[in-house]
Amino acid sequence: MTVTASSRRSPEVGTADSGRHATVTLAAAVLGFFVITLDATIVNVALPSIRDVLGGGITGLQWVVDGYTLMFAALLLSAGSLSDRIGARKAFAGGLVLFVVASLACGLAPSLPVLIAARVVQGIGAAVTMPTSMALVRHAFPDPARRARAVGVWAMGGAVVAAAGTALGGVLSLASWRMIFFINLPVGLLTLALLARSPQSPTRPAPFDWIGQITGILAMGGLTFGAIEAGEAGFTAPKVLVSLGIAIVALAAFVLTQAKVAHPMVPLSLFRSTTVVIATGIGFAFMVGFYGLPFVFSLDFQQQHGLSALRAGIAFLPMMLLSACLTPFSARITERTGPRVPVIAGLVLIAAGSIALAVLPASAPVWGSALLLIPVGLGGPLVMPPTTAVLLEHVPAEQTGTASGGFNTSRQIGGALAVAVFGALISGMAGFQHGLRISLTLAAVVALAAALAATRITVSRHGT
């Protein structure tokens, strides 16, 4: 299919030839990734403060986190397809504007239902922003070596958030939990200013696959909703069974229609590559540990050990700071060893940290947990940058948004299910500590399974 662009130059070539344009585009992509990731991590340490002001139990707090993640996961496939059709730059701008407006609504929310509703809208904006930020990097850096380094810089957005998010959330919560949402406004506006200076993105004109859009949203939304509600009502509750049933039927319909329609939202040919499939699975497994563990330990530090939000945030600093320090070296490590070695090593570190935390006595001091979280943090920069770079190498340039949407859908489903399942376990009748240990064991098993799959990653390129 012909790839077009609204600019007179070929964006793929013109953007790469202009160092200034590539730098500005990368900066916008990094900040966009930063701000939507910040909103996921910064909320964790503020959950008790939100409950004190707006009320709600564990389920309500789960929805403050997963209301965002639900829409994020449900709409990523649609957003990736939209990015390819209208151009990454235009889609990125629209998603970010929606995200910033919703952040303002979150900060002004007078009740928990209003806050959750605003978080849902935030998730919609984030769903559009995430895959388009990856597509912007892909179009700005067509050369594989430069792209790998750019992906490392892009990943720094997530690493810096991981390092600063929990502590920043604790600091801002001292004034008001509402500040954790208001901080998105200046970052979002700066990102839009940078984006205005970047070139137009290529487009892939095609009719919208409405059947794919609807079935994809129903499948992802039903799965995430069912998992969240199962934590409170149990997996045999009627609403849970109905939700999961809808997800299964919708997923089957999605796969069948994608194989038959003339212009599928997600061409199944993208997943003929074993490496693309493995990369997508690694994204899921990574988020189970890297997203689920901070959720449960934020509650553990504050509810079980009596820490304030600020002190809980500080307890995460060793994990997050060392992760941020390692991230700039991720591309160099991958260039020397290939992607398999760092990805497998990172997943094994996440598993090892999870197992160590699972056997740590409940009476152990907080600093013991903080130190054992470090391997989990180190796994992040070893896993995600090379996995992302490998994925981008194995898909055609004009389908980058679609592939990024599928990849990030897997990531967000992993994070949402981790929060849902781990939240159910720690609030169960067996008690918090028992649920915590089971959660950590599950995270370790998932990470080790992904490490085994990562042994089959290849480095051959599909196209540029």
Side-chain angles (χ1 to χ4, degrees), residues 27-44 46-47 49-50 53-54 63-83 85-136 157-158 161 165 168-169 172-173 175-198 201 213 217 220-221 224 401 405 408 412 416:
V30 169
L31 282 176
F33 182 37
F34 174 93
V35 74
I36 61 175
T37 307
L38 176 67
D39 214 69
T41 60
I42 200 172
V43 171
N44 283 326
L47 291 176
S49 299
I50 292 173
V53 175
L54 301 182
W63 272 110
V64 171
V65 176
D66 275 336
Y68 179 82
T69 309
L70 173 64
M71 296 309 297
F72 202 162
L75 294 175
L76 273 168
L77 288 176
S78 300
S81 176
L82 177 69
S83 171
R85 282 165 169 77
I86 71 172
R89 182 175 180 266
K90 186 182 294 184
F92 183 90
L96 194 59
V97 168
L98 183 61
F99 178 87
V100 169
V101 172
S103 295
L104 178 62
C106 286
L108 298 174
S111 65
L112 190 63
V114 173
L115 174 59
I116 293 173
R119 288 281 286 169
V120 167
V121 178
Q122 271 192 315
I124 297 173
V128 178
T129 304
M130 171 65 85
T132 51
S133 72
M134 288 180 63
L136 285 172
V161 169
L168 182 59
L172 294 176
S173 293
S176 171
W177 61 265
R178 299 179 188 276
M179 294 300 298
I180 68 176
F181 299 109
F182 289 145
I183 195 173
N184 295 334
L185 275 63
V187 179
L189 293 175
L190 175 59
T191 305
L192 290 170
L194 289 170
L195 187 67
R197 300 174 57 194
S198 65
S201 301
Q213 304 283 343
I217 290 172
M220 297 302 100
T224 309
N408 284 295
Q412 295 309 313

Open item on the list: Does any part of the side chain of F182, heavy atoms only, come nearer than 4.5 Å to the side chain of L108, both counted from C-beta?
Closed with: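 Sidechains of F182 and L108: in contact.
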
Task: Side chain proximity check, T129 to L98, heavy atoms < 4.5 angstrom - done: no

Nearest heavy-atom pair of [X] and [Y]: which atoms, and what distance?
X: I36; Y: Y68; answer: O-OH, 2.7 Å
X: A29; Y: L136; answer: CB-CB, 4.4 Å
X: F34; Y: V187; answer: CD2-CG1, 4.1 Å
X: L54; Y: R178; answer: CD2-NH2, 4.4 Å
X: F181; Y: G107; answer: CB-N, 3.8 Å
X: S133; Y: F33; answer: OG-CB, 4.4 Å

Nearest-0.5 Å distance, [atom1] of residue [X] to [atom2] of residue [Y]:
X: L104; Y: Q122; atom1: CG; atom2: CD; result: 10.5 Å
X: L96; Y: L192; atom1: CG; atom2: CG; result: 4.5 Å
X: M71; Y: I217; atom1: CE; atom2: CD1; result: 6.5 Å
X: I180; Y: I50; atom1: CD1; atom2: CD1; result: 5.0 Å

Task: Passing option when F99 is tested against V121, N184, V128 for side chain to side chain contact (heavy atoms under 4.5 Å, CB included) - done: N184

Open item on the list: So does V64 get a backbone contact from the side chain of R119, meaning a donor-acceptor N/O pair under 3.5 Å?
Closed with: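 Pair found, side chain donor or acceptor close to backbone of V64.
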
- [ ] Indicate yes or no for a side-chain donor-acceptor contact from R89 to the backbone of A196 under 3.5 Å, with no hydrogens or angles considered.
- [x]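 A pair under 3.5 Å: yes.
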
